[in-house]
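Below you'll find the structure, written out as structure tokens, and then a few comments.
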2 protein chains.
Amino acid sequence: MNEARVPNLASSANPMRARPCPHNPSVSCSSCRLSDLCLPISLNKSEIVQLDEIIERNRPLRKGEHLYRQNDEFRSVFAVRSGSFKSYVLGADGQSRVTGFYMPGEIIGMDGIATRKHGVSTMALEHSSICEIPFSQLEKLSHQLPNLQSRFFAIMGNEIVKDQQIHTLLSSYTAEQRLASFLLSLSSRYARCQLSPDRFILHMTRSDIGEYLGLTLETVSRVFSALQKKELITVKNREIEIRDMPKLRAILGE
Amino acid sequence: MNEARVPNLASSANPMRARPCPHNPSVSCSSCRLSDLCLPISLNKSEIVQLDEIIERNRPLRKGEHLYRQNDEFRSVFAVRSGSFKSYVLGADGQSRVTGFYMPGEIIGMDGIATRKHGVSTMALEHSSICEIPFSQLEKLSHQLPNLQSRFFAIMGNEIVKDQQIHTLLSSYTAEQRLASFLLSLSSRYARCQLSPDRFILHMTRSDIGEYLGLTLETVSRVFSALQKKELITVKNREIEIRDMPKLRAILGE
DNA sequence: CGTAGTGTTGAATTGAATCAAGTGTCGTGG
DNA sequence: CCACGACACTTGATTCAATTCAACACTACG
């Protein structure tokens, strides 16, 4: 597997707030720059402090390292603090299928809640760090804090909604619509964590994208080229610039 | 299809048989024949009694009636007591896309938890009855009963896993694999509620199935015919008989 | 510098969609 | 009870979007 690399986002045109370093394991939820888009939303200060106590801030993962693997025992859910991840399953034929990409502030690992085993594997796409939340403790604390229970129901509900949107995307969109939707989704998620919504790095390969969207890597490449020719985006290797957001949205529209 | 909405409180004082009939609104969770595959799993007797108190058993829905519609305010989740439902969204072009089918013992409506608005519409596919569970009360009770909280986390986690499985199905299976997987899923769900796993009725149309699996209704029809010619199934209108379960499973295998 | 992984592009192929024509089924009202 | 109309379904012919197969270019890195 590949070695660690300095994450590209750090040198992006759109610098982060001057807040504690994203990889710093000693950041607390209260001081975390993601606190208003992560688990703590809608919790008050004392509740956040209690949540903070059960969270384990592990060492960062290097690119290619696994957070957990398919069939591992489920112990925790994870919040992405920095970097990005992909989740995937290995099919009977050995082919992998990507089930999701995760960015800062998003929650990973809910696939294991029901069965107590992880149904997917999850791997860092770049140098990344996470907050680990032992699920038994989260359940216990949720029982004491109605707001936290409510918040976690909402997080899971949100995951269900997103999965249904992917369902309709995969069952009726063309290749071009899928890629447009994918780029717009990344864009709004980058915006959510204060990064540029129209210039960003794809940390996943064309093949990852294809496995996620139900396309081949060749088709992903071709559609990127076509969108570039139409001047809706600029693609330079892994770097994407969205040049015409309205027209990109219009691809989904009619 | 413009049916009347179901009145939410509807305490129909309807004279019914004393024996717990699937449509009988007076059945309690404790006496319900679905209690070991529905929400109450893993709850003890006194917990079930408390759950019972917040559940509203509405009048049955006729075929084509809506349980709720896209953009309706979210108030409750629902457990299917008898019959079956489909959920669907209307796309920008007016086309509908089916996001799920629901059978007895399954929970409907979790798409509204995060946003407090329903993201899909849900319609009865046949004469059906449901238990309505007002969500605010479910949250309150979950806060008192750790087992119920845990159970509901598990139900939502299960929904997430199923959605991920659909994701991989839609992104990599052929038409034949999708239909085989669909029939096997129905089969095991019928088995779960004590019905024959190899002879059952499809209450949805070919078009519904196609919209769910990302295929046209013509392709659904053709694949059914092809599977019949191979003697894996018999299709007579809406009636399906699975004649060779192992071979049907093998279609997914490699 | 060479190698492995990643990405692009072209040509041929194909699985499913689309277009089209017809049959079957069901519920309704006469 | 039957006739009618609407909807659901089947099957065939053709088209097309995406895959597959193939060759090559770029980049990163030991």
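We name chains A, B, ... by the order of the sequence lines, and we start the count at 1 in each one.
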May I have the distance from [X] (atom [atom1]) to [N] (atom [atom2]), rounded to whole angstrom?
{"X": "Leu227(B)", "N": "dT10(D)", "atom1": "CG", "atom2": "P", "result": "12 Å"}
{"X": "Ile201(B)", "N": "dC26(C)", "atom1": "CD1", "atom2": "P", "result": "11 Å"}
{"X": "Tyr173(A)", "N": "dA18(D)", "atom1": "OH", "atom2": "C1'", "result": "19 Å"}
{"X": "Phe224(A)", "N": "dG7(C)", "atom1": "CZ", "atom2": "P", "result": "10 Å"}
{"X": "Leu179(A)", "N": "dA18(D)", "atom1": "CG", "atom2": "P", "result": "10 Å"}
{"X": "Leu217(A)", "N": "dA22(D)", "atom1": "CG", "atom2": "P", "result": "15 Å"}
{"X": "Lys236(A)", "N": "dT27(D)", "atom1": "NZ", "atom2": "C1'", "result": "11 Å"}
{"X": "Leu170(A)", "N": "dA17(D)", "atom1": "CG", "atom2": "P", "result": "19 Å"}

With distance as the sole test, does [X] use its side chain to make a donor-acceptor pair with the main-chain N or O of [Y] at under 3.5 Å?
{"X": "Asp72(B)", "Y": "His118(B)", "answer": "no"}
{"X": "Tyr190(B)", "Y": "Ile201(B)", "answer": "yes"}
{"X": "Glu126(B)", "Y": "Ser84(B)", "answer": "yes"}

| request: Give a yes/no answer on whether the side chain of Ser225(A) brings an N or O atom under 4.0 Å of OP1 or OP2 in dT9(C). | output: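 True: Ser225(A) side-chain N/O within range (under 4.0 Å) of dT9(C) OP1/OP2.
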
| Do the side-chain N and O atoms of Ser87(A) and Thr99(A) include a donor-acceptor pair separated by under 3.5 angstrom? |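 No - no donor-acceptor pair under 3.5 Å links their side chains.
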
| message | Looking at Glu106(B) and Arg189(B), is any side-chain nitrogen of the basic one under 4.0 Å from a carboxylate oxygen of the acidic one? | response |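 Yes, charged N to carboxylate O under 4.0 Å.
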
| Is it true that Arg62(B) and Glu65(B) make a salt bridge, defined as a side-chain N closer than 4.0 Å to a carboxylate O? |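 Yes, charged N to carboxylate O under 4.0 Å.
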
Among [options], find the nucleotide with the atom closest to the side chain of [X].
{"X": "Thr216(A)", "options": "dT9(C), dT20(D), dT18(C)", "value": "dT20(D)"}
{"X": "Arg206(B)", "options": "dC9(D), dA17(C), dG7(C)", "value": "dC9(D)"}
{"X": "Ser221(B)", "options": "dT8(C), dT10(D), dA13(D)", "value": "dT10(D)"}
{"X": "Glu218(A)", "options": "dA17(C), dT20(D), dG7(C)", "value": "dT20(D)"}
{"X": "Thr219(B)", "options": "dA17(C), dG7(C), dT9(C)", "value": "dA17(C)"}

| Taking for each residue the nucleotide of DNA chain D bearing the nearest heavy atom, is the 5' side occupied by Arg222(A) or by Asn237(A)? |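 That would be Arg222(A).
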
| To the nearest 10 degrees, what angle separates the axes at the start and end of the helix from dC1(C)-dG30(D) to dG30(C)-dC1(D), five pairs each? |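 Comparing the axis at each end, I get an angle of 40°.
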
Students often get this wrong, so: under 4.0 angstrom with heavy atoms, is [X] touching a base, only sugar-phosphate, or nothing?
{"X": "Arg238(B)", "result": "sugar-phosphate"}
{"X": "Gly214(B)", "result": "sugar-phosphate"}
{"X": "Leu215(A)", "result": "sugar-phosphate"}

| query | What pairs meet the side-chain hydrogen bond (donor to acceptor under 3.5 Å, both in side chains) rule with one or both residues in residues 160-172 of chain B, with sequence neighbours excluded? | reply |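 Applying side-chain hydrogen bond (donor to acceptor under 3.5 Å, both in side chains) to every pair that reaches into residues 160-172 of chain B, excluding sequence neighbours, yields nothing.
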
| field | Residue from Thr122(B), Asp208(B), Thr205(B) passing side-chain hydrogen bond (donor to acceptor under 3.5 Å, both in side chains) with Lys86(B) | value |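 When Thr122(B), Asp208(B), Thr205(B) are each tested with Lys86(B), the side-chain hydrogen bond (donor to acceptor under 3.5 Å, both in side chains) holds only for Asp208(B).
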
